[in-house]
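Okay, so here's the structure we're looking at.
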2 protein chains.
Amino acid sequence: MASPGPADRVGGVDPEALWLDRRQPRRGRPPAHSRAEITAAAVMIADTDGLAAVTMRSVAAAIGVGVMSLYSYVPDKDTLLELMIDHAIGDQPAPPTPTGVWTEDLRTLARGQRDLMHRHPWLPAALPERQTLGPNTLAFTEHALAVLEPAGLGGQDALEAFSLVTGFVAGHVAYEVARSRAAARAGRSARELAQAQERYLHAVAESPNHPRLSRVLAEPARPVDADATFDRLLAHLVDGLAAARGTARG
Amino acid sequence: MASPGPADRVGGVDPEALWLDRRQPRRGRPPAHSRAEITAAAVMIADTDGLAAVTMRSVAAAIGVGVMSLYSYVPDKDTLLELMIDHAIGDQPAPPTPTGVWTEDLRTLARGQRDLMHRHPWLPAALPERQTLGPNTLAFTEHALAVLEPAGLGGQDALEAFSLVTGFVAGHVAYEVARSRAAARAGRSARELAQAQERYLHAVAESPNHPRLSRVLAEPARPVDADATFDRLLAHLVDGLAAARGTARG
DNA sequence: GCTATTCTCGTACTAAGTACGGGAAGTAAC
DNA sequence: GTTACTTCCCGTACTTAGTACGAGAATAGC
């Protein structure tokens with residue numbers, strides 16, 4: 001019942017108006033700021049205080065401008081989020097030219113993505129439900145296609161493989177970030193919460209319903225080398241893709 | 001400046017209070033509803049109208065209750081979300097007992113996850129940034145460990161592998177859902193938007209900066225068999241994991 | 001200067017999360 | 001049954017956030 005529901009609007013940003021943006025007004029009062037400046041400020045806030053801290057008011061304050069002024073540059077907050085994503089994706093060093101050994105190149109690309117997402121921890125959560133088509137995203141996709149070219153996949157298959165890698169990286173980084181935040185909590189102020197969580201897990205471990213889980217929880221938490229873990233999982237993923245070359249669709 | 005910032009509170013739900021919930025009041029007015037009922041209503045709304053449609057007011061209306069009554073059952077909305085996740089994860093048929101061929105079992109498990117996420121399309125977006133420890137989640141994790149046992153990985157490695165699979169499934173389903181929503185848009189009302197997007201992509205394809213991307217966009221969109229695609233990618237992932245058994249950490 | 005145009009932003013409306021506190025509705029003890 | 005106590009229900013109201021509106025300010029071209 002009632003209205004079409006918000007689900008319909010998800011991703012409903014007009015890419016033409018957003019990314020082409022061909023307006024060049026020669027008359028009238030010149031804008032004091034720019035889309036890029038606003039986007040950068042929003043990204044900075046998200047990096048520092050989390051995505052939830054990005055409000056039109058906080059962004060406006062960061063720029064030193066009235067709230068409603070933002071709307072001369074950006075139609076709405078959802079669009080701003082899309083701009084933020086593309087901006088963040090542009091925030092990485094120029095990718096090295098592919099060596100031709102595509103498995104190696106793909107790993108390099110994924111490591112770059114991981115670094116990027118660590119710099120912008122809100123990215124994994126922002127990416128799903130959203131299909132960004134900004135210049136940086138497109139450029140990065142182009143690069144991925146270049147990397148995957150020697151793999152001999154079809155175009156669509158290459159895109160698929162790329163999306164697989166991106167999904168893996170996003171998922172893994174989300175996992176890493178959640179973990180490190182939990183650790184930070186334990187070491188810092190909200191110690192009670194960490195303790196409560198530990199108590200709870202111990203209570204779970206007591207239960208006979210989860211024998212294997214109990215065993216794992218009982219294991220001494222081995223010090224994890226996050227980089228090595230990532231590299232290892234990534235290697236498996238890429239190996240799987242490599243094995244697929246040839247097997248793909250008969 | 002100001003307050004600790006919301007980023008600190010992410011995942012800051014006390015699992016002990018949430019999942020153990022030992023209160024059993026024998027006196028006083030008995031509750032007319034239950035946590036489970038509220039959670040189910042919220043999940044229903046999310047399934048139907050998207051996660052954004054889940055508001056305390058809409059959930060209360062669905063139950064037929066005043067808004068503030070919800071707070072007798074649930075401390076805040078964030079907690080409700082966590083309950084929703086665990087509830088959704090519990091919404092799958094009892095997993096078949098492992099056959100012992102772990103690669104096959106793992107694939108079965110992943111297919112189940114995919115079905116689940118298609119039934120609850122908001123799940124992929126809700127999972128990151130949140131570490132759910134509810135009974136259904138734990139039970140499912142236990143099952144995953146059972147499935148992976150024959151693989152001979154260590155406990156922590158098994159958890160890692162499981163999280164890898166989950167991340168892959170979530171990422172892929174998010175991709176699938178985004179795609180199908182775009183298709184639905186094209187076929188239905190907001191046709192202009194789909195056209196704008198198409199125009200935009202054509203404009204991009206014209207540009208000489210993205211030769212490979214242009215080529216892919218020019219390809220006739222081949223009719224994709226979503227199930228087959230998923231199975232194929234999944235197979236590669238599992239193969240990668242299988243190859244890792246033994247290689248893992250010297 | 002005049003004017004058309006564009007940017008700026010105070011005001012205000014709406015939606016959503018939720019603190020507060022007064023009742024209403026039960027149960028246990030008498 | 002009455003009393004006392006406990007727990008639940010939820011109207012009211014405050015706060016924060018997104019954003020429509022429109023008046024005023026600033027600027028380029030005439």
Side-chain angles (χ1 to χ4, degrees), chain A residues 2-7 9-10 12-13 17 21-39 41-42 45-46 49-84, chain B residues 1-7 9-10 12-13 21-39 41-42 45-46 49-84:
Chain A
S3 67
R9 275 187 318 151
V10 165
V13 177
D21 195 23
R22 289 262 172 272
R23 61 180 177 165
Q24 31 190 356
R26 283 252 153 272
R27 278 183 299 207
R29 183 178 178 173
H33 303 273
S34 69
R35 213 169 244 198
E37 187 184 352
I38 290 172
T39 306
I45 294 174
D49 298 327
L51 200 53
V54 176
T55 69
M56 297 308 265
R57 287 167 226 267
S58 68
V59 173
I63 301 282
V65 108
V67 191
M68 292 314 291
S69 299
L70 296 182
Y71 288 90
S72 331
Y73 300 92
V74 160
D76 55 29
K77 194 190 176 185
D78 207 64
T79 301
L80 177 57
L81 234 187
E82 203 131 339
L83 288 166
M84 287 171 64
Chain B
M1 62 193 77
S3 67
R9 276 186 320 154
V10 164
V13 177
D21 194 23
R22 289 260 172 274
R23 58 175 183 170
Q24 31 188 354
R26 284 250 153 273
R27 281 184 295 206
R29 180 178 182 176
H33 303 274
S34 69
R35 215 169 243 199
E37 187 184 352
I38 291 172
T39 307
I45 294 174
D49 296 328
L51 199 52
V54 177
T55 69
M56 297 309 263
R57 285 165 227 267
S58 69
V59 173
I63 301 283
V65 107
V67 191
M68 293 313 292
S69 299
L70 297 182
Y71 288 91
S72 330
Y73 300 92
V74 159
D76 55 28
K77 194 189 176 184
D78 208 63
T79 301
L80 177 57
L81 234 187
E82 204 132 336
L83 289 167
M84 288 171 64

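Every chain is numbered from 1 and lettered A, B, ... according to where its sequence line falls, protein lines coming before strand lines. Atom set for the values below is all heavy atoms of this structure, side chains included, hydrogens, waters and symmetry mates excluded.
Here the straight-line distance linking atom CE of B:Met56 with atom CG of B:Leu70 works out to 5.0 Å at 0.5 Å rounding. The structure places CG of A:Leu83 at 13.5 Å from NZ of A:Lys77, a figure rounded to the nearest 0.5 Å. To the nearest 0.5 Å, the span separating OG on A:Ser72 from CD1 on A:Ile38 amounts to 7.5 Å.
Per the geometry, CG belonging to A:Leu80 stands 14 Å off C1' belonging to D:dA17, to the nearest Å. Between the P atom of D:dG18 and the CG atom of A:Leu51 lies a distance of 11 Å, rounded to the nearest Å. Regarding A:Asp76, its CG atom lies at a distance of 11 Å from the P atom of D:dG18, rounded to whole Å. Spacing between atom NZ of A:Lys77 and atom P of D:dA20 amounts to 15 Å, rounded to whole angstrom units. Nucleotide D:dG18 holds its C1' atom 12 Å from the CG atom of A:Asp78, rounded to whole Å. Rounded to whole angstrom, the span from the CE atom of A:Met56 across to the P atom of D:dA17 amounts to 13 Å. Rounded to a whole Å, the CD1 atom of B:Ile38 is 11 Å from the P atom of D:dC8. Spacing between atom CD1 of B:Ile45 and atom C1' of C:dA16 amounts to 14 Å, rounded to whole angstrom units.
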Can you give me the N/O atom pairs linking the protein to nucleotides 9-13 of chain C at distances under 3.5 Å, or say none if there are none?
residue: C:dC9; atom: OP2; partner: A:Gly66; partner atom: N; Å: 3.3
residue: C:dC9; atom: OP2; partner: A:Ser69; partner atom: OG; Å: 2.9

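For B:Pro31, taking side-chain heavy atoms from C-beta onward, the closest of the listed nucleotides D:dG29, D:dC8, C:dT18 is D:dC8. Minimum atom distance to the side chain of B:Thr55 is reached by C:dA16, of the listed C:dT5, D:dA17, C:dA16.
Applying the 4.0 Å criterion to OP1 and OP2 of C:dT8, one finds that A:Tyr73 has a side-chain N or O inside that range.
Counting heavy atoms from C-beta on, the side chains of B:Val74 and B:Thr39 never come closer than 4.5 Å.
Listed here is the closest heavy atom pair of A:Ala42 and A:Val54: O-CG2, 3.6 Å. When all heavy atoms are compared, the tightest approach of A:Ala53 to A:Ser58 is O-OG, 2.9 Å.
With sequence neighbours excluded, the residues that form a side chain to side chain contact (heavy atoms under 4.5 Å, CB included) with B:Arg57 are B:Thr55, B:Val67.
Counting non-hydrogen atoms under 4.0 angstrom, A:Ala32 reaches the backbone sugars and phosphates but no base.
A residue-by-residue look at B:Pro30 and A:Arg29 shows that A:Arg29 has its nearest nucleotide of DNA chain C further toward the 5' end.
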